[in-house]
Amino acid sequence: MQILARGNWSGAVGFILAAMGSAVGLGNIWRYPYITGQYGGAAFILLYIACVFAVGIPLLLAESLIGRKTQRNPVGAFRVLRPGSEWVVAGRLSVVSSFVILSYYAVVAGWVLHYVYLSLIKSFAGKSPQEIATLFTGMIASPWLQIFWLMVFMLLTILIISRGVSRGIEIGNKIMMPLLFALLVVLLLYAIQTDGAATGLEFLLRPQWQKLSPTAVLEALGQALFSLSLGMGIMITYGSYLSHQSNLVGCAFFVAIGDTLVAILAGFVVFPLVFSFGLEPSAGPGLIFQTLPIAFAQLPAGYWVSLAFFVLLGFAALTSSISLLEVVCAYFVDEQRWSRKKASWTLGIVIFLLGIPSAVGDDFLEFMDGLATNYLLPIGALLIALFTGWALTHDERREEFSAGESSAFRFASWSFLIRFVSPVALVLIFLHQLRLF
Ligand code: PHE
């Protein structure tokens, strides 16, 4: 009865697409290329892949196993597994993190919608780099414009979530994810035949080992957590709509490899364009909004390329934002017995209001981003790793892992990674944030 009321995926594919939709987001297409640019191309990519395998996949598995086992939201999940214990704090933290992240993520996603609009009305064509930069600063300086697009984006998110798990989230992802991949391939084919393609590919493929510092290692690890949507109960929530027969190990690999591939391919789209127009590869966060439109303004068929690019980014952001709103909604539906409609509209509106300060003053957006990525996510991920590795017994872990997966070697490797490697890596990230390491 409980499970029927909550909803379910129609099958493993529904879960994989939704989890990949959550994972693939602004982090892959906006953040990943510019940090790769800052930390030395191929060397950073290799490091990133190592982090995904050593920490990302084990945590993704831990979260989705907890969800599948309990069939509950993050708070309910810890309550079911360790009733009356303090572990429920880890679940509450997930719900808080989702509120915080969605409030500013939706502001940046609103910028993307504005850039879809700017692309549509041909705002970049014929403009000088200076004028294009002004489009961005002008947008940042206009609170009403940002609030308007924030509202549009939150409305889209609410509309999908209010339709439920299989009719909303699953259908939304089944439509948007294939389109996203198709757009990415089209952009890739376009980018690799521009003049700067050879330099761009060389920049990405030739490792610059000297740029790999301890900071780069921690940056790669933090990016892996953020990019795979870990440490905030999303995979617990999405895993809770899975049936017990599903092969979670296979799903986790699929999601992580798909997410990493999109990030790497996004780099192959961005850097050829950057080098074709002599732009700065380490331009930082402005790379997508200020640098790329300069290329779009001059490219043949630039109108279509920029439209495709920002629509791609918009889909990626929307499939991530629905996963954030779902964590919060699942908590109110399961624990407070709200209807899904009431939960999605009420919480969506609260998050919209919370987003307004980020839209009005950009220092606040940075503050919220710092709070989430430097503190909430690493702490959340650490608690989940410690819970899975140390609070659950060996038999509990074994039993849930073995449903749908029988390899003893895989279980032993996962156990080792989640008990030792993940906690140590996460504590290091945290100490680094506190400037103690
Ligand atoms: N994984 C998303 C991205 O790469 C961001 C995200 C983080 C989404 C945490 C949900 C939760 O953009």
Side-chain angles (χ1 to χ4, degrees), residues 16-36 48 51-52 55-57 59-60 63-64 67 74 93-112 153-154 157 160-161 169 172-173 176-177 180 184 219-239 252 255-267 285 287-288 312-330 351 355 365 368-381 384:
I16 290 178
L17 280 181
M20 215 185 269
S22 171
V24 172
L26 298 171
N28 303 60
I29 301 165
W30 164 66
R31 198 163 184 270
Y32 180 84
Y34 84 72
I35 54 176
T36 307
Y48 178 77
C51 292
V52 166
V55 182
I57 294 179
L59 264 169
L60 189 103
E63 286 199 24
S64 32
L93 186 70
S94 299
V95 177
V96 172
S97 306
S98 300
F99 264 108
V100 170
I101 297 187
L102 186 51
S103 76
Y104 74 85
Y105 196 82
V107 174
V108 180
W111 300 351
V112 175
F153 185 78
M154 280 311 296
T157 308
I160 296 178
I161 289 300
I169 307 176
N173 277 298
M176 286 187 278
M177 290 307 285
L180 185 147
L184 191 63
E219 190 73 43
L221 201 52
Q223 171 67 11
L225 286 187
F226 185 81
S227 188
L228 291 171
S229 305
L230 297 173
M232 47 178 316
I234 287 183
M235 298 301 165
I236 297 184
T237 312
Y238 275 8
V255 171
I257 291 172
D259 181 67
T260 306
L261 212 61
V262 170
I264 293 174
L265 292 183
L287 188 64
I288 294 300
L312 164 85
L313 207 56
F315 281 148
L318 190 57
T319 52
S320 297
S321 68
I322 57 181
S323 68
L324 287 160
L325 185 56
E326 180 59 20
V327 171
V328 187
C329 276
I351 291 171
L365 194 153
M368 296 292 258
D369 185 38
L371 179 68
T373 46
N374 298 342
Y375 300 98
L376 299 177
L377 293 188
I379 296 177
I384 290 166

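Small disclaimer: the values here were computed from a predicted structure and weren't measured. Numbering of ligands and ligand atoms starts at 1, following listing order.
Residue A23 has at least one heavy-atom neighbour below 4.0 Å for each of these atoms of ligand 1: 1 (N), 2 (C), 3 (C), 4 (O). Below 4.0 Å from some heavy atom of N28 lie the following atoms of ligand 1, by number and element: 4 (O). Every atom of ligand 1 with a heavy atom of M232 under 4.0 Å away is listed here by number and element: 9 (C), 11 (C). If you number the atoms of ligand 1 from 1 as listed, the ones under 4.0 Å from a heavy atom of L324 come out as 10 (C), 11 (C). Residue contact check: I234 has heavy atoms under 4.0 Å from atoms 10 (C), 11 (C) of ligand 1. Close contacts of ligand 1 with G25, meaning ligand atoms under 4.0 Å from a residue heavy atom, involve 3 (C), 4 (O), 12 (O).
When atom types are taken as modelled, the side chain of N28 and the backbone of D259 share a donor-acceptor pair closer than 3.5 angstrom. The backbone N or O of I234 sits nowhere less than 3.5 Å from a side-chain atom of S323 that would complete a donor-acceptor pair. Panel note: side chain S320, backbone S22; a donor-acceptor pair is recorded below 3.5 Å. Under a 3.5 Å cut-off, the side chain of E63 and the backbone N or O of Y238 do not form any donor-acceptor pair. Remark: side-chain polar atoms of S227 are not paired, donor with acceptor, to backbone N or O of A224 under 3.5 angstrom. Put simply, the side chain of Y34 never gets that close to the backbone of I288: no donor and acceptor are under 3.5 Å apart.
The shortest N or O to N or O distance between S22 and ligand 1 is below 3.5 Å.
Distance from atom 12 (O) of ligand 1 to its nearest protein heavy atom, with residue and atom name: G27 N, 2.7 Å. Summary of contacts: the protein heavy atom closest to atom 7 (C) of ligand 1 is F226 O, 3.4 Å. For atom 8 (C) of ligand 1, the nearest protein heavy atom (residue, atom name, distance) is S229 OG, 3.6 Å.
Here S98 contributes atom OG and I351 contributes atom CD1; the two are 8.0 Å apart, rounded to the nearest 0.5 Å.
Ligand 1 lies less than 4.0 angstrom from a heavy atom belonging to Y105.
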Evaluate V108 against L365 for side chain to side chain contact (heavy atoms under 4.5 Å, CB included), listing each step before the verdict. CA-CA 9 Å; V108 180; L365 194 153; 4.2 Å; yes

